[in-house]
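When reading the values below, keep in mind they use all heavy atoms of this one structure, side chains included, and skip hydrogens, waters and symmetry mates.
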Amino acid sequence: MTYSSDFLRRLETRGYIHQITDAAALDGAAGKGAITAYVGFDCTAPSLHIGNLVSIMMLRHLQQSGHRPIVLMGGGTTKIGDPSGKDEARQLLGDEQINANLASIKRIFERFLTFGDGPTDAVMVNNDDWLSRLQLVPFLRDYGRHFSINRMLTFDSVRLRLEREQPLSFIEFNYMIFQAYDYLELNRRFGCTLQMGGSDQWGNIVNGTDLIRRVDAKDAFGLTTPLITRADGAKMGKTAKGAVWLHEDQLPHFDYWQFWRNTHDADVGKFLRLFTDLPLDEIARLEALEGAEINTAKEMLATEATALCRGRDAAEAAAETARATFAEGGAGEDLPQFAVSGPVSIVDALIGLGFAASKNEARKLVAQGGARIDGEAVGSDAALVAPGQKVSAGKKRHGLVVAG
RNA sequence: GGAGGGGUGGCCGAGCGGUCAAUGGCAGCAGACUGUAAAUCUGCCGGGUUUCACCCUACGUUGGUUCAAAUCCAACCCCCUCCA
């Protein structure tokens with residue numbers, strides 16, 4: 001479909017659109033004037049991860065196209081736990097933990113969006129503000145009657161759990177009702193007419209548009225993004241070590257840069273479109289590079305994606321460290337460091353830098369020829385490392401031993 | 001409540017008295033080949049040490065039988081299936 005609104009054309013050409021409830025009508029509304037749209041984020045962890053990045057970028061494009069983004073923090077819904085895509089009920093978090101996570105997550109959005117009071121300035125709200133005030137009987141009478149259990153049972157989030165005979169608690173069963181109510185509340189408070197989210201949120205989003213139609217007889221839209229997968233089929237952003245966090249506290253700048261730098265060849269174009277602001281013709285050029293040249297595109301991807309999330313300075317510093325380390329075999333200042341008072345054994349250095357979990361593991365690294373000091377393979381695990389030297393484990397993990 | 005089946009290393013899944021730190025697969029790590037890619041091949045893959053070896057801790061929990069238990073017995077906990 002060809003869109004006339006700047007906003008949807010942008011999303012379409014960059015690969016963000018999976019499903020839209022009424023594409024033509026939304027396109028019309030977005031072409032006519034500023035619309036308000038929201039994405040909900042839950043607060044189960046102190047940082048968001050790469051899996052949330054597509055949604056964040058969509059809000060960014062929304063704002064850049066002259067519309068108003070709302071960031072809905074799920075302070076209230078996190079207390080319930082979204083059953084979508086899960087086999088077991090989530091560990092329920094307490095208020096204190098949720099609030100701490102929420103405060104921490106807030107900072108990420110300031111990188112991607114402009115907040116303020118202007119007509120297209122982003123707004124952040126917490127659904128705990130209204131969800132916690134709901135009263136059961138009035139709520140059931142006013143809104144509960146619009147939800148049919150028959151239909152709720154057909155939603156993937158519920159159906160799959162039941163089919164697999166995994167327990168689904170009543171509290172989780174209510175999650176979709178609250179999410180639908182959030183949309184209604186945002187529609188009333190901010191005139192919000194679009195909810196966006198991952199493809200797994202489709203059911204929840206549609207529930208919201210339905211509720212708005214039934215209760216207030218108004219039209220609202222939903223839009224979902226495709227599940228972003230890597231060329232090898234794995235889910236985006238899941239590594240063996242866990243999620244790729246957006247927060248610096250959870251993942252250093254250099255590692256974040258490296259994550260993008262190590263993108264598979266086949267994903268470079270897709271990721272450039274989704275996760276950077278580079279113009280499409282520039283991306284087309286980078287994507288067309290072949291052989292070793294594609295590495296240039298990966299470096300661009302890494303630097304641009306890191307600049308968005310961590311700031312331009314951090315991105316360039318990481319890029320410089322990577323260049324010094326990989327291209328020149330030297331060392332950059334962004335590498336992990338291990339402070340020592342004097343020479344230490346290679347085994348201790350590897351553990352100190354976090355490259356080995358135990359002495360056995362470190363020794364095996366040495367035995368297999370994976371450990372290097374200043375680029376030279378270490379022959380024996382008795383070898384000593386002095387402050388100022390670079391220690392490497394394998395080809396990608398490098399660190400510095402420093403005096404301290 | 002009754003009758004069966006099961007709980008093994010990050011995950012899946014063998015083993016069913018010694019030769020078991022436990023086959024195999026996945027994931028992970030390292031090496032070779034490369035482009036800090038993919039694919040492929042090779043090795044490693046509980047912890048510790050004075051590392052061609054030795055020691056410690058491990059097969060739901062707690063006891064027991066035995067020279068010897070992941071393997072047998074008992075109790076308990078948890079999960080699944082069927083019946084009520």
Which word best sums up how the rings of Y143(A) and Y181(A) line up, parallel for under 30°, tilted for 30 to 60°, or perpendicular for over 60°?
perpendicular
For residues 24-33 of chain A, please give each side-chain donor-acceptor pair under 3.5 Å, one per line with the distance, not counting sequence neighbours.
from: D27(A); atom 1: OD1; to: S4(A); atom 2: N; distance (Å): 3.3
from: D27(A); atom 1: OD1; to: S5(A); atom 2: N; distance (Å): 2.9
from: D27(A); atom 1: OD1; to: S5(A); atom 2: OG; distance (Å): 2.6
from: D27(A); atom 1: OD2; to: S4(A); atom 2: N; distance (Å): 2.8
from: D27(A); atom 1: OD2; to: S4(A); atom 2: OG; distance (Å): 3.0

All N/O donor-acceptor pairs, side-chain side in residues 219-229 of chain A, below 3.5 Å, sequence neighbours left out:
from: T224(A); atom 1: OG1; to: Q19(A); atom 2: N; distance (Å): 3.4
from: T225(A); atom 1: OG1; to: G197(A); atom 2: O; distance (Å): 3.4

Heavy-atom nearest pair, L102(A) first then C43(A), reads CD1-SG, 3.9 Å
So, with a heavy-atom separation below 4.0 Å from RNA chain B, the residues of residues 285-292 of chain A are G291(A), A292(A)
Exercise. Could you tell me whether the side chain of Q368(A) has a donor or acceptor atom within less than 3.5 Å of a complementary atom in the base of G43(B)?
Key: yes
C1' spacing across the pair C11(B) / U66(B), given as an integer number of angstrom:
35 Å
Inter-nucleotide C1' distance (A69(B), C20(B)), Å rounded: 11 Å
Sorted by chain and number, sequence neighbours left out, salt bridge (charged side-chain N to carboxylate O under 4.0 Å, His left out) with D381(A) holds for R363(A)
To the nearest angstrom, the NZ-P distance between K364(A) and G31(B) comes to 16 Å
Please step through salt bridge (charged side-chain N to carboxylate O under 4.0 Å, His left out) for the pair R312(A) and E304(A), ending with a clear verdict. CA-CA 8 Å; R312(A) 181 63 59 182; E304(A) 293 304 310; 3.0 Å; yes
Q. How far, in whole Å, is G15(B) from G24(B) if one measures between their P atoms?
A. 14 Å
Correct closest heavy-atom pair for P343(A) and P387(A) would be N-CD, 4.2 Å
Can you tell me if N204(A) uses its side chain to pair, donor with acceptor, with the backbone of Q179(A) under 3.5 Å?
-> no
Distance, P atom - from C83(B) to G28(B), rounded to whole angstrom: 43 Å
For atom P, what is the distance between U62(B) and C77(B), given to the nearest Å?
15 Å
Hits for salt bridge (charged side-chain N to carboxylate O under 4.0 Å, His left out) against E248(A), two or more places apart or cross-chain, chain-then-number order -> none
For residues 277-292 of chain A, tabulate all N or O donor-acceptor pairs below 3.5 Å that involve a side-chain atom, not counting sequence neighbours.
from: D277(A); atom 1: OD1; to: R60(A); atom 2: NE; distance (Å): 3.3
from: D277(A); atom 1: OD2; to: R60(A); atom 2: NE; distance (Å): 2.9
from: D277(A); atom 1: OD2; to: R60(A); atom 2: NH2; distance (Å): 2.4
from: E282(A); atom 1: OE2; to: R285(A); atom 2: NH2; distance (Å): 3.4
from: E287(A); atom 1: OE1; to: R273(A); atom 2: NH1; distance (Å): 3.2
from: E287(A); atom 1: OE2; to: R273(A); atom 2: NH2; distance (Å): 3.2

For nucleotides 56-58 of chain B, which of its nitrogen or oxygen atoms have a protein nitrogen or oxygen under 3.5 Å away, and what is each distance?
none

Protein and nucleotides 36-39 of chain B: nitrogen or oxygen contacts under 3.5 angstrom:
from: U36(B); atom 1: O2'; to: N262(A); atom 2: OD1; distance (Å): 2.8
from: U36(B); atom 1: O2; to: Q258(A); atom 2: OE1; distance (Å): 2.8
from: U36(B); atom 1: O2; to: N262(A); atom 2: OD1; distance (Å): 3.3
from: U36(B); atom 1: N3; to: Q258(A); atom 2: OE1; distance (Å): 3.3
from: U36(B); atom 1: N3; to: Q258(A); atom 2: NE2; distance (Å): 3.1
from: A37(B); atom 1: OP1; to: K396(A); atom 2: NZ; distance (Å): 3.0
from: A37(B); atom 1: O4'; to: K298(A); atom 2: NZ; distance (Å): 3.4
from: A37(B); atom 1: N3; to: D265(A); atom 2: OD2; distance (Å): 3.1

When the P atoms of C56(B) and A30(B) are considered, how many whole Å apart are they?
32 Å
So salt bridge (charged side-chain N to carboxylate O under 4.0 Å, His left out) across residues 130-144 of chain A, not counting sequence neighbours, yields none
Symbol by symbol from the 5' end, with Watson-Crick or G-U pairs under 3.5 Å, [ ] crossing and | another strand, RNA chain B is ((((((((.[[[..)..(.....]]].(((((.......))))).((((...))))...[[[[[..)....]]]]]))))))).
side-chain hydrogen bond (donor to acceptor under 3.5 Å, both in side chains) pairs touching residues 110-124 of chain A, sequence neighbours excluded, are none
#### Entry: Inter-nucleotide P distance (A84(B), C67(B)), Å rounded
48 Å
Item to complete: Measure the shortest side-chain to side-chain distance between Y16(A) and M196(A) over non-hydrogen atoms and say whether it is less than 4.5 angstrom.
Response: no
In the structure I gave you, are the side-chain heavy atoms of R107(A) and D249(A) within less than 4.5 Å of one another anywhere? yes
ask   = Between F41(A) and F109(A), is the gap from one ring center to the other below 6.0 Å?
value = yes
**Request:** Provide the distance between the two P atoms, one in U8(B) and one in U61(B), to the nearest whole Å.
**Result:** 10 Å
Which atoms of nucleotides 49-52 of chain B (N or O only) lie under 3.5 Å from a protein N or O atom, and what are those distances?
from: U49(B); atom 1: OP1; to: K359(A); atom 2: NZ; distance (Å): 3.1
from: U49(B); atom 1: OP2; to: R363(A); atom 2: NH1; distance (Å): 2.9
from: U49(B); atom 1: OP2; to: R363(A); atom 2: NH2; distance (Å): 3.1
from: U51(B); atom 1: O4; to: R363(A); atom 2: NE; distance (Å): 3.1
from: U51(B); atom 1: O4; to: R363(A); atom 2: NH1; distance (Å): 2.9

Main-chain N/O of A317(A) paired to T321(A) side chain as donor or acceptor, under 3.5 Å: yes
